Structures are given as structure tokens and as C-alpha cells.
Trainee: 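My structure is below; once you've seen it, I'll send some questions.
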Amino acid sequence: MKIGYPCINQRIGCSSGRTFRLRSYSEKRHIETVAGNLDCLLSVLQFNVEHGLLFFRITSDLVPFASHPICSYPWHDVFADRFREIGAFIGEHRIRISMHPDQFVVLNAGDPGVVVNSIRELRYHADLLDLMHLDRSAKIQIHTGGVYGDKEQSMHRFAGRYDDLELPIRRRLVVENDDMRYTVQDCLQLHEDTGIPVLFDAFHHELNGSGEPAGETAALCSGTWRPDDGIPMIDYSSRQPLDRRGRHAETLDRGHFRKFLAETMPLDFDLMLEIKDKEKSALLAAEIAAGDRRLYQA
DNA sequence: CCCTGTCAAGTCACG
DNA sequence: CGTGACTTGACAGGG
């Protein structure tokens, strides 16, 4: 099990997702921003290796506006060497990588323009991982999308669009249950229809499931990953006490986390901690998991 | 320096 | 119909 956190390291004082307003766009500004983001990404990955955190989600803002028409210079070529160096570091230290495009990627949208933009955005994510020469275990996780008043038809539309995707995208894409609309059961159905691996989000499942036990549900999702997809990924969080429904915890809830570990114990997976204080909780979780798993193996 | 309106993009719930 | 939430606030202009 590798443990990780998404996008931002709060300790080392740089951001790999710096951006700027579209109206401030210039090629010079863009190149400077991306160069800074890549430097920071490597620093964060170095920190992670030094601290035993070998799973990381790369921010979608690494290359701002990458799928926007305004970004028309060949950034792939400009930064090819840098991407390769970072990818080599990732490979050398066996770091697991994920990316999570934001809510604007809606593969099953009714509006063809939204679908075109979504595929452009997915192509950017796939290009980035390809430029780093990562194998297909580096994943891009998305949600199913909208329901539009007819879930069955909307799932069917997702399946058709997935089947039609170009291979560099399709080989990396995994689908994750969300907290409002598409449950794990829905995602498992999509796997049946298309073969897409299912990324289990334990927190979303608590909010948007029928009480199926986490361990069994995680095992079902694990069965959807092929060997060259890498070992399954799972997203974990708990609810921020007293806060609104879907709010992620500010810091790791030890009791909740140990219960989750116990429930899923026989399974191997890479665990993404979607907790607000980032590497702080990831470090704590790694410590707890190491202890509990040692206990389990004894 | 601090404050805050606004930011490329979609969907849906809520009031 | 307008606003806020989402996985993640933070840029940029004005005071």
C-alpha cells in the first residue's frame, strides 16, 4: 500500500498549480508559470520520497489553459526534457501517480460542445502523463457526469463515449463513484459495459450508497482493475464534524481511519487521502497504517 | 500591505 | 432565477 495526498504540499512553500487570469495570458507569462510549476512538482515529489509517501495526485493546473485555444504554442516540445526528467524521478522511486480533472469534464453531456471540450481536457491530462513516459498505471479519474433526468440513458451515453475515446486517453481513464449521483453500483455496471476500472471513493460511498460494507465494496472495485492498470486506487476521507454534508475533514480522524483499514485489511491498494491538511494527515495515516498492518501480519 | 470581486469550462440542489 | 458546492482557492486590481 502506498499512501498519498492530492496536489498541494503545505510544508515546503511552493505551488505546482500556479495560474493566472485568462486575460493576463501571454506566452512569456505561461512559460514562466509552467517552469515554476514543474520545479515545484519535482520538489514536492522529492519531499514525498524522503517521507515515504509514494502516491501523489498531480494538479490539473500544472499547465494552465492547456486545453484552451489561447494556448497555441508547442508547450509539449518546450518542456519535453523537463517532463522526461520528472518522469524519470517518478519511475526511479516507483511513485504512483493519479490526476483528477475537475467538474468541467462531462463525457456524457448532452451538449456536443461540452463533450468536445471534455475530450480536449482529457487529452491534455493523457499527454502530460505520456510526456513523463509513465506506464498505464498512472491514472486519470473522472466521474460519470450528469443524470439529465434519465440515469440509464446517461450511463449508456457515457459507455458509448468511452468506447470511442482515443487509446492514449482510454488506457488511463478510471471512473469514480460520486457523492450525489452515480453510486459504486452504477460504476460497476459501467465496468460491465465497457471494462473501465472503478476507483472506489470510500467517503462518497458513505454519503451516496446503500450501506454496503466498505471492505466488500472495495473488493468488488478491485476486481475491475487489470494487472497493467496497477494495483487499485482508493480515495479516502471522512466528514468534517458539524459541517455540511459533503465537506472533507480538516484533519485525519484516527478512529474512522483505523476502522476503514480494518474493514479493508486483506486488500492491497494505493490510498489517496482527501483530507484538507494534506501531507500532514498523509504522514500520520502512513504511520497508523504501517503499525496496524504489521499487527495484522503478525 | 490588505481586502475582496471574480475567475475557462458543468451539473444540480437549494432558496 | 441566482448562488454555492464540488477535489483545489488564489489572482489581480483597488484602496
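So you know, we letter chains A, B, ... as the sequences are listed, proteins then strands, and number each from 1. Predicted, not measured: the structure shown is a model, and the values here were computed from it.
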Trainee: Look at the side-chain N and O atoms of A:His204 and state whether any lies under 4.0 Å from the OP1 or OP2 oxygen of C:dT7.
Mentor: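 Indeed, a polar side-chain atom of A:His204 lies that close.
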Trainee: Does C:dT7 have A:His100 stacked on its base, where the ring centres are within less than 5.5 Å and the planes differ by under 30°?
Mentor: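 Yes.
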Trainee: Would you mind checking if A:Arg258 and A:Asp253 are paired as a salt bridge, meaning a charged N to carboxylate O distance below 4.0 Å?
Mentor: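 Looking at A:Asp253 and A:Arg258, the cut-off is not met.
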Trainee: For a quick test of reading the model: is some side-chain N or O of A:Ser24 closer than 4.0 Å to OP1 or OP2 of C:dA12?
Mentor: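 Yes, within the criterion.
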Trainee: Got more than 12 heavy atoms from elsewhere within 6.0 Å of CZ, A:Arg84?
Mentor: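 Check fails, neighbour count at 12 or below.
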Trainee: Applying a 4.0 Å non-hydrogen cut-off, can you work out what A:Thr19 is touching in the nucleic acid: base, sugar-phosphate, or nothing?
Mentor: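 Sugar-phosphate only.
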Trainee: Identify which one of A:Thr144, A:Thr183, A:Asp186 satisfies the side chain to side chain donor-acceptor pair (under 3.5 Å) criterion when paired with A:Lys151.
Mentor: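 It is A:Asp186, the one option of A:Thr144, A:Thr183, A:Asp186 that forms the side chain to side chain donor-acceptor pair (under 3.5 Å) with A:Lys151.
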Trainee: I'd like to know if the side chain of A:His68 pairs up with that of A:Tyr124 as donor and acceptor (distance under 3.5 Å, no hydrogens or angles considered).
Mentor: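 On atom types as modelled, these side chains do not qualify, holding no pair under 3.5 Å.
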Trainee: Would you kindly say whether A:Ser60 and A:His100 are connected by a side-chain donor-acceptor distance under 3.5 Å?
Mentor: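 No, A:His100 and A:Ser60 have no side-chain donor paired with an acceptor closer than 3.5 Å.
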Trainee: Is any NZ, NE, NH1 or NH2 atom of the basic residue among A:Arg57 and A:Asp235 found under 4.0 Å from an Asp or Glu carboxylate oxygen of the other?
Mentor: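 Salt bridge present between A:Arg57 and A:Asp235.
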Trainee: Going by atom types only, do A:Tyr236 and A:Asp201 share a side-chain donor-acceptor pair under 3.5 Å?
Mentor: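 Result is no, nothing qualifies.
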Trainee: OP1 or OP2 of B:dC7 less than 4.0 angstrom from a side-chain nitrogen or oxygen of A:Arg23, does that happen here?
Mentor: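 False: A:Arg23 side-chain N/O out of range (4.0 Å or more) of B:dC7 OP1/OP2.
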Trainee: In B/S/- notation, 5' to 3', how is nucleotides 9-15 of chain B contacted by protein heavy atoms closer than 4.0 Å?
Mentor: BBSSS--
Trainee: Run through DNA chain B and report every stem of 3 or more consecutive Watson-Crick or G-U pairs, distances under 3.5 Å, ordered by first number.
Mentor: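 In DNA chain B, stems of three or more pairs: B:1-7 with C:9-15, B:10-15 with C:1-6.
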Trainee: Under 4.0 Å between a side-chain N/O of A:Arg18 and OP1 or OP2 of C:dA12, yes or no?
Mentor: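 For C:dA12, OP1/OP2 do not have a side-chain N/O of A:Arg18 under 4.0 Å.
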Trainee: Once you apply a heavy-atom cut-off of 4.0 Å, does A:Arg29 come out as touching a base, just sugar-phosphate, or nothing?
Mentor: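 Sugar-phosphate contact only.
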